[in-house]
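For the numbers below, each heavy atom of this structure counts, side chains included, while hydrogens, waters and symmetry mates do not.
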Amino acid sequence: MKSLDTSKLKRIVEKTENSVADDPKTPRLDSWPSREVAQPEPKLQNEPTEQLNIRGPKSVLDRFKSYRKYPRQPFYDVLQELMDRADRE
């Protein structure tokens with residue numbers, strides 16, 4: 001059986017390690033990167049919570065969801081902003 005020539009593989013690994021270490025934009029490899037999206041802190045409220053389920057046309061509900069300013073913004077936050085805007089008018 002023929003033995004494997006791993007010398008080329010060693011050169012590739014060394015080359016990759018050197019190029020990663022030289023680049024300041026490359027994240028550190030000794031820690032796991034966060035997969036969470038940076039979001040503003042949610043508004044804390046000292047009142048009890050309640051759940052509201054809304055059924056309606058998909059186009060209307062999609063339009064409501066599109067009002068979010070950042071991914072995963074709570075729907076109650078969006079609803080509060082819309083109601084505040086309606087009160088000002």
[atom2] on [Y] to [atom1] on [X], rounded to 0.5 Å:
X: Asp77; Y: Arg68; atom1: CG; atom2: CZ; result: 11.0 Å
X: Lys65; Y: Lys58; atom1: NZ; atom2: NZ; result: 6.5 Å
X: Phe75; Y: Ile54; atom1: CZ; atom2: CD1; result: 9.5 Å
X: Arg63; Y: Leu61; atom1: CZ; atom2: CG; result: 11.5 Å
X: Gln80; Y: Arg85; atom1: CD; atom2: CZ; result: 12.0 Å
X: Tyr76; Y: Thr49; atom1: OH; atom2: OG1; result: 9.5 Å

Practice task
Determine, step by step, whether Met83 and Arg88 satisfy the side chain to side chain contact (heavy atoms under 4.5 Å, CB included) criterion, reporting the C-alpha distance in whole Å, the side-chain angles of both residues, the deciding distance to 0.1 Å, and the verdict.
Solution key: CA-CA 9 Å; Met83 291 188 311; Arg88 280 184 251 139; over 6 Å; no
